[in-house]
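Atom set for the values below is all heavy atoms of this structure, side chains included, hydrogens, waters and symmetry mates excluded.
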Amino acid sequence: MNRLQNLTIDGERLWRDLMETAAIGATPKGGICRLTLTDLDRQARDWFKIRAEALGCNVVVDSMGAMFARRPGQRSDIPPIAMGSHLDTQPTGGKFDGVLGVLSALETLRTLIDAGYETFAPIEVVNWTNEEGARFAPAMVSSGVFAGAFDEQWASSRTDRAGVTFSSALEAIGYKGWQPCGEHPLSAFFELHIEQGPILEAENTAIGIVKGIQGIRWFEATIQGQDAHTGATPMHLRKNALLGASRLVDRIEAIARGHSPLAVGTVGLMEVKPNSPNVVPGEVFFTVDLRHPEVSILDALEQEWRDAATEICASLGLSFEIKKILDQQPIQFDPECIRCVRDAATSSGLAAREIVSGAGHDAGYVSRVAPSAMIFVPCRGGISHNEAEYASPQQCAAGAQVLLQAVLRYDRLLSERLA
């Protein structure tokens with residue numbers, strides 16, 4: 001155990017990797033725009049693949065584009081302990097969301113190799129495809145297929161707003177792999193991530209021991225009215241789809257506030273047609289994101305917003321269609337994996353507290369098929385999905401150190417159980 005505790009990641013090396021990859025898709029305001037399955041995503045994937053192979057890892061890509069970089073262990077017959085996250089970003093994303101998890105996992109491998117430390121089980125670094133869902137909805141689609149939550153044919157046929165399918169975009173960047181998605185057993189999965197909220201920073205706590213993830217439901221809605229001339233159509237004869245959508249946006253806000261303090265509801269994307277200054281909008285497409293840790297409250301939120309759509313559209317002579325495209329139940333992570341994270345934080349001398357994730361993560365789906373847990377580090381102001389997103393070099397290094405120690409603790413449990 002002493003040798004295990006003496007292993008220390010190189011925080012400066014990790015920070016250099018974070019800044020180097022931040023140049024791929026860098027924005028003028030200091031963030032990253034690296035949407036999934038674009039050429040910029042391909043560049044980041046190539047960067048990761050080159051560095052993993054330089055460490056002697058075998059890199060396998062599955063049919064949904066997920067990348068698995070494996071370092072062998074003493075027992076090749078045991079499924080690997082995996083760690084990782086994602087390299088895609090939001091259109092105005094930051095340098096740390098997802099990327100920290102992948103690069104910290106890569107740094108963990110480097111540390112093991114530098115020390116000549118041979119693990120019992122193989123160790124893998126994973127880069128999941130389309131975690132963000134910014135280009136292809138829903139989010140976390142490749143880990144969802146991996147865990148059996150989504151049908152692969154359905155996921156591959158998802159289109160972006162330009163009509164490009166997930167499958168064709170994946171093939172275009174050369175990352176549609178030969179391994180069927182989901183046919184890649186794991187002994188466990190650990191994901192390091194920035195908190196994306198303000199709690200850890202407010203409490204001056206270095207590490208969040210993530211117990212689980214709140215439930216998430218995503219909807220796509222289309223309201224149909226009638227295009228009409230703005231000058232020639234009296235107000236009382238209009239069928240204004242944007243008016244209906246606007247009232248629903250306000251109502252969704254009120255519905256979420258009605259289930260405070262934990263419920264959240266968001267309309268984050270809207271498209272208005274024909275989008276002309278002198279045409280009454282005849283169609284509006286928008287998305288709705290509802291979240292809460294309890295299924296019963298999620299059910300209530302969904303029913304209330306559906307009822308609101310019926311009421312508002314009927315009063316304005318509009319029709320509507322709602323499609324639920326994501327229904328992730330509240331998740332509880334594996335107690336043994338959580339204990340490994342807790343012990344890792346303690347042995348590293350870092351202040352830690354238990355926390356529930358407000359955001360969805362790939363670990364949520366992976367937990368359906370492998371024991372899983374997450375590690376959070378603070379981010380400044382709790383800001384994420386924003387170019388101003390920031391975690392300090394010290395905070396990133398602390399998270400990576402806990403990741404290393406948690407993985408090694410789980411590896412030791414496997415060796416005691418299976419040796």
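- Dense packing is recorded around CZ of Arg353, with more than 12 heavy atoms of other residues, nucleotides or ligands lying under 6.0 Å away.
- A donor-acceptor pair is defined here as one N or O able to donate and one able to accept, closer than 3.5 Å; no such pair exists between the side chain of Thr205 and the backbone of Ala352.
- A donor-acceptor contact under 3.5 angstrom links the side chains of Arg409 and Ser347, judged on distance only.
- Counting heavy atoms from C-beta outward, Ile24 and Leu87 have side chains that stay 4.5 Å or more apart.
- Side chains of Thr27 and Glu387: a donor-acceptor N/O pair is present below 3.5 angstrom, by distance only.
- A cation-pi arrangement, defined by a distance under 6.0 Å to the six-membered ring centre and an angle within 45 degrees of its axis, is absent between Arg158 and Phe136.
- Partner Met83 forms a side-chain contact (heavy atoms from CB on, under 4.5 Å) with one of Ile123, Ile375, Leu192 and no other, that one being Ile123.
- Sorted by first then second residue, the ring pair (Phe, Tyr, Trp, His ring centres under 6.0 Å) pairs that include residues 243-277, not counting sequence neighbours, number zero.
- Contact check on Glu302 versus Arg217 returns a salt bridge, with a Lys/Arg side-chain nitrogen under 4.0 Å from an Asp/Glu carboxylate oxygen.
- Using a cut-off of 4.0 Å between Lys/Arg side-chain N and Asp/Glu carboxylate O, Asp114 and Arg110 are scored as not salt-bridged.
- Note that the CD1 atom of Ile223 and the CD atom of Glu321 stand 11.5 Å from one another [nearest 0.5 Å].
- Among the candidates Asp227, Leu243, Val272, Asn275, the single residue satisfying the side-chain contact (heavy atoms from CB on, under 4.5 Å) test with Pro281 is Val272.
- Taking the ring centroids of His361 and Phe376, they lie under the 6.0 Å cut-off.
- Taking the six-membered ring where the residue is Trp, Tyr390 and Trp15 present perpendicular rings, their angle passing 60° and hence far from 30°.
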